[in-house]
There are 2 protein chains.
Amino acid sequence: MTQLAAPGEGITYEELQLATRNRGMPLEGLRYDVTPVGLHYLLVHFDIPAVDPDTWRLAIDGAVATPLHLTLDDVRSRPARTVPVTLECAGNGRARLSPRPISQPWLLEAVGTAEWTGTPLRGILDDAGLGDDVVDVVFTGADRGVQGDLEQAYQRALPPSEALRDEVMLVYEMNGRPLEPQHGFPLRLIVPGWYGMTHVKWLTRIEAMTTPFAGYQHEAYRYIQAEGEQGEPVTRMKVRALMVPPGVPDFFTRTRLVGPGIVPITGRAWCGTAPVARVEVGVDGEWREAVLGAATGPWAWRQWSFDWEASRGDHVVMCRATDANGNTQPVEQPWNLNGMGNNLVQEVRVQVR
Amino acid sequence: MTQLAAPGEGITYEELQLATRNRGMPLEGLRYDVTPVGLHYLLVHFDIPAVDPDTWRLAIDGAVATPLHLTLDDVRSRPARTVPVTLECAGNGRARLSPRPISQPWLLEAVGTAEWTGTPLRGILDDAGLGDDVVDVVFTGADRGVQGDLEQAYQRALPPSEALRDEVMLVYEMNGRPLEPQHGFPLRLIVPGWYGMTHVKWLTRIEAMTTPFAGYQHEAYRYIQAEGEQGEPVTRMKVRALMVPPGVPDFFTRTRLVGPGIVPITGRAWCGTAPVARVEVGVDGEWREAVLGAATGPWAWRQWSFDWEASRGDHVVMCRATDANGNTQPVEQPWNLNGMGNNLVQEVRVQVR
């Protein structure tokens, strides 16, 4: 059951515990096409497990013709590909909501793009032979903990139509090196386009089920307005643009300081359902078109830029993206009880002097 | 001027902005002798600067016989060594103080140990020829911002007696790879034993001064009880032990759950002034001796372990280290106005059931 903090109420000790162990990407990290491993956002739901790669096995079982038990070498010897993919936490923006759903209190920084190397999941599922009556494929990680009074391994499911997509991968390298422990060593699932909770880390089992999966994490990741509602599941990333805050920061307030004249503003935009079609920059409420650059890849963010003619004084600079389906980031908060998918536009306070 | 939050008062928006961009090491990271790059703690005072390694130069000037301007290749062609060093933020533990000094709100996790590769600073200072009248060596980073209403580059100084220590290095690799941008690419200072603010990142200049350096960051890092006091400077890391929280976590409260029986507890301990001589584990206030293991290196943390015979019920597990000079971690907060060097013992709530 999600608790709410009243408008203006400070961050609780429990939220701070989560904030100091999970890791955002400082927004100047948007400068890199591919995020350095040590700058990529990281949310660890329970704990980072210690996995011994020599004894580790991946089980593929349930409603399959041929259950498989793969070693890491088995996985690594399969056809490989490397794809840049942007990942964002579904809770990104949660702490900007009012009233505030109490959980990991992200502001804007739970995002990153890495080059993931691995093997298509489809090939493995084809080798195992998914039954025709399979409705969910359940992915289990080695991380365990308690949530909703239930001790559990972290688990998420995908319907076969998603699991069999060509671009879904089991990955063992990030930016050309073996996964570091916190990013899912030895093997994690990558489902391009989806929010981060789907990319199950420390994979141990893939189970084909003939009945719908109703695990805890599927209940938690839904768009609802009140307890007890059914709502819609959280799936793909909504459209979003972020900018590198221009100029230099004040250490404490993070207000930005720049000189007057042309201030180049750059950032990245991404969307899990359609290509990014447009980015606008708003200065003091007046919106202008940004110039779109190249995408880092078909499943990764796209660069954009804007030359701001800055005049002396205090300003608020915003940015917003629109996808090819016409979905635009909101300027009013898209509130929901669990604080999911809040793509409210970024606001940066800038002093020009 | 440091603001204080009253006991029990929630974390402010400004503190949260800092918490979501700076990065702690989840405490299960204590399991690794050498912290993976993407798990190492990170505090970026202003912004991560974009440094072009081709045009970057390191100036060594001021009161020296021969000013030097070194390229990155110049630095890399000098004698090299690789040393594991534990770094901890001077503000680690700040948010556990009451009343709470308002700044980056670390709880316990601002620590990490990396293998740093670089060249001894002493050789470079010898080549430049420090004047006999030098009292401070000032290190300037490429990161800029505003603090105390003053726009400034990040700067810290060391007296020659510290700067010329054999183990002080200018490093260009971390864990065998070029520094990632957020850890100081292309070159950072490493001063084994000192708190993190001393290990200046993105170095651009080393200036020998014949008058004492009085930069902003030296005023900020002092142990004082009230504004206007002189106090003592923050220098070396106080003794501290941390444990890997045992068992599995509750997602939200981070309370730990274990079964009854022998529960192995492990952790690391370090100190910047003397070797770690002793670690104790306290269960519900009763302290017992832990077993000390090997240190990762002379300037790095030391492993320890303890077998806890856990009985059903709710327990509080603590750990504390003592150094070879007899300094022990306090069980009452060592409060100071800027929230520096708080090595109050860790407390972990554990349910045995």
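A, B, ... follow the sequence lines: proteins, then strands. Residue 1 opens every chain. These numbers come from the heavy atoms of this one structure, side chains and all, not from hydrogens, waters or symmetry mates. Model, not experiment: these values are computed from the prediction.
The pair A:E28-B:R21 counts as a salt bridge, with a side-chain nitrogen and a carboxylate oxygen less than 4.0 angstrom apart. Look at B:D47 and A:R256 and you find a salt bridge, because one of the NZ, NE, NH1 or NH2 atoms lies within 4.0 Å of a carboxylate O, short of that distance. Electrostatic pairing of B:R177 and A:E180 counts as a salt bridge here, judged by a charged N lying under 4.0 Å from a carboxylate O.
Between A:Y221 and A:H45, the ring planes lie tilted relative to each other; the angle falls in the 30° to 60° range.
Heavy atoms of B:Q17 lying under 4.5 Å from chain A belong to its backbone as well as its side chain. Only the side chain of B:L18 comes within less than 4.5 Å of a heavy atom in chain A; its backbone stays farther off. With a 4.5 Å cut-off on non-hydrogen atoms, B:L39 touches chain A through its backbone and its side chain both. When heavy atoms are compared at a cutoff of 4.5 Å, B:E14 approaches chain A by way of both its backbone and its side chain. When heavy atoms are compared at a cutoff of 4.5 Å, B:A110 does not approach chain A at all. Contacts of B:H183 with chain A are absent, with no heavy-atom separation under 4.5 Å from either backbone or side chain. For B:L108, no part sits under 4.5 Å from any heavy atom of chain A, backbone or side chain. With a 4.5 angstrom heavy-atom cutoff, B:R144 touches chain A via backbone and side-chain atoms both. Only the side chain of B:E151 comes within contact range of chain A, judged by heavy atoms closer than 4.5 Å.
Listed options A:I11, A:T12, A:V248 were ranked by heavy-atom pairs under 4.5 angstrom with chain B; first place goes to A:I11. Interface summary for chain A: among B:P245, B:P49, B:G8, the most heavy-atom pairs under 4.5 angstrom belong to B:P49. Contact count against chain B (heavy-atom pairs under 4.5 Å) is highest for A:V37 among A:D149, A:V37, A:V244, A:L42. Between chain B and the options A:Q147, A:Q104, A:Q182, heavy-atom pairs under 4.5 Å are most frequent for A:Q182. Ranked by heavy-atom pairs shorter than 4.5 Å toward chain B, the options A:L257, A:L16, A:D143, A:T255 are led by A:L16. Heavy-atom pairs under 4.5 Å with chain B were tallied for A:P181, A:G247, A:S103, A:A95; the largest tally goes to A:P181. Most heavy-atom pairs under 4.5 Å with chain B, from the set A:T253, A:I48, A:N22, A:D250: that is A:I48.
Of the candidates B:N175, B:T296, B:T35, B:V85, B:N175 is the only one forming a side chain to side chain contact (heavy atoms under 4.5 Å, CB included) with B:E115.
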* To do: Just do the side-chain contact (heavy atoms from CB on, under 4.5 Å) check on B:Y41 and B:N92 with the steps written out, would you?
  => CA-CA 10 Å; B:Y41 101 88; B:N92 201 13; over 6 Å; no

Problem - A:Q155 and A:Y216: CA distance, side-chain angles, deciding distance, side-chain contact (heavy atoms from CB on, under 4.5 Å) verdict - result: CA-CA 8 Å; A:Q155 291 186 308; A:Y216 184 88; over 6 Å; no

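Atom OH of A:Y172 and atom CE of A:M174 lie 16.0 Å apart (nearest 0.5 Å). Here A:Y32 contributes atom OH and A:L30 contributes atom CG; the two are 11.0 Å apart, rounded to the nearest 0.5 Å. To the nearest 0.5 angstrom, B:K201 atom NZ is 9.5 Å from B:I190 atom CD1.
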